[in-house]
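What follows is a short report on a single structure.
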Amino acid sequence: MKEEKLLHLLRRKKGFFEAILEITEEESELPLQEWISALEQKKILLSCIEEIDAELMPFKQSLHNLSQEISEELEHIRSVIKRILHIDVINQEKRKKELRPSDGP
Amino acid sequence: MDLESKLASFSKETQQLEWAYNALQKQFYELKEKLESSHQMLEQIVFCMTDGLLFITLEGKIALFNPAAAELLDVEQTSILQCDYHRHFDDHLFGFSMKEALTQPSAHKRALLTLDNGKDLEISASQVPGKGIVLLLSNRSEQQKLAKSLQQSERLQEIGEMAATLAHEIRNPLGGIEGFAQLLKRDLETPTHQRMIQAILEGTSALNRLVNEVLDYARPFRLHFTSVDFVLLIRETLAFATASTQMAECLFHSAHATYLLSIDREKIQRVLFNLLRNASEAEATRIELTLTQEGILIVKDNGKGIHPKNIEKIFTPFFTTKTQGSGLGLAHSLAIIKAHDGILDVSSEEGKGTAIMIKLQQSHC
């Protein structure tokens, strides 16, 4: 029962990370103003993940032998985060260049 | 790795993402603010420019049109902004085809033209690649007026120098004529001869006065500033003027009991005296002097006034409509006021009278 609940929470968490990944993959093509909205959406999704993290707290120490399904879910989340971080680095470099004030009067 | 450490690592990465997103957002808003402030400054500059500025997009829309351009082209600025250029202006208004200039790459264009409203403009058009055409309109009428004024000022200086040389040349023989006339006056006894000699002496005396006035005007003068109560100076000048000449009725109103200025007392008194004498000679029966709260002295008379065509010439040396005048009084007065960094202005209505306004800088105090 506990494991089912944990799996459900991890899947929800994965779903939010996947939503962030989807936005991250598309944001590089967005104009500046729309990109800021996308950034805001990502922050909202992150706050949703934080809420799930709070729900995950009771499970942290209670489960030691993780099932195959949970391990796979965790691995999946890890790969999504890695992908987000990778694309984010590229996107942020690009945006920082755009936002750098040009030399002028 | 157990569940706890895995979730902890996710939390760390999630936090990293949040920090990065927050930092980017902050940077964006800071730059947006800077951009808006630069944009505002640019708008103010364009708004205050004395030259006209227009920007026509490649689609032919008027994207920028400053107030100076509106004034030069006699149109209302707000009514044509973002409108189609060809709806309001002729394709060749600026001496080239706007359609062609917007569709074909072309070099920087310059043109001089006179608009239907009589304004002479210098046009400078440059292409902004991929965006449109920027046009700069300069009012040549203004430039020409300034150049003319400079030319006139140089010409006046030459006239002044020449007049001073002539005055010197006249002065010596004039002294001789006056001396010999005095000798003849002593030796000739008949009344006819005496009348002739008297006429010569009066003539030389008038010439002497003119020569002195010319030399006075042409001589560069130095001002000796002292602290003077302007109200008292006006009262003293009025008393002196009314006692020494046949003067019209003079009234003086002052918004100040005392008004201290650092001025050359003697020269400013001379200006005041000149103005009072001019008013009297203009057949005024009443002269009103007013010192306003702002320190502006207005000398207003009800004399015959000045013909509109003569208004611009009254400060020109040797210009006079009087039979006895040298035409140097007002020119000299203006030079004195200007040397005080002051303003002397005149307004007049023929048949009704003249008002002269003098403003002396209090910073001299």
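Within every chain, numbering begins at 1; the chains are lettered A, B, ... in the order of the sequence lines, protein sequences first and strands thereafter.
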Checklist entry - So do the side chains of A:Ile77 and B:Leu7 get within less than 4.5 Å of each other, counting heavy atoms only? => result no
Self-check item: Side chains of B:Gln25 and A:Glu40 in contact at under 4.5 Å (non-hydrogen atoms)
Solution: yes
When you compare the side chains of A:Lys43 and B:Tyr21, does any donor N or O come within less than 3.5 Å of an acceptor on the partner?
no
When rounded to the nearest 0.5 Å, the distance separating CZ of A:Arg78 from CD of B:Glu13 is 7.0 Å
Separation between CD (A:Gln92) and CG (B:Leu24), nearest 0.5 Å, reads 4.5 Å
Within a radius of less than 6.0 Å around [atom1] of [X], do more than 12 heavy atoms belonging to other residues, nucleotides or ligands occur?
X       : atom1 : answer
B:His39 : NE2   : no
B:Glu71 : CD    : no
A:Lys94 : NZ    : yes
B:Asp74 : CG    : yes
B:His92 : NE2   : yes

Segment of [X] engaging chain B (4.5 angstrom heavy-atom cut-off):
X       : result
A:Leu32 : both
A:Leu74 : both
A:Lys13 : side chain

- Audit row: B:Thr14, A:Ile84, side chain to side chain contact (heavy atoms under 4.5 Å, CB included) steps and yes/no: CA-CA 10 Å; B:Thr14 311; A:Ile84 294 171; over 6 Å; no
The interface call for B:Gln15 against chain A, heavy-atom contacts under 4.5 Å, is neither
Checked A:Asp53, A:Leu56, A:Asp88 vs chain B; the most non-hydrogen pairs under 4.5 Å come from A:Asp88
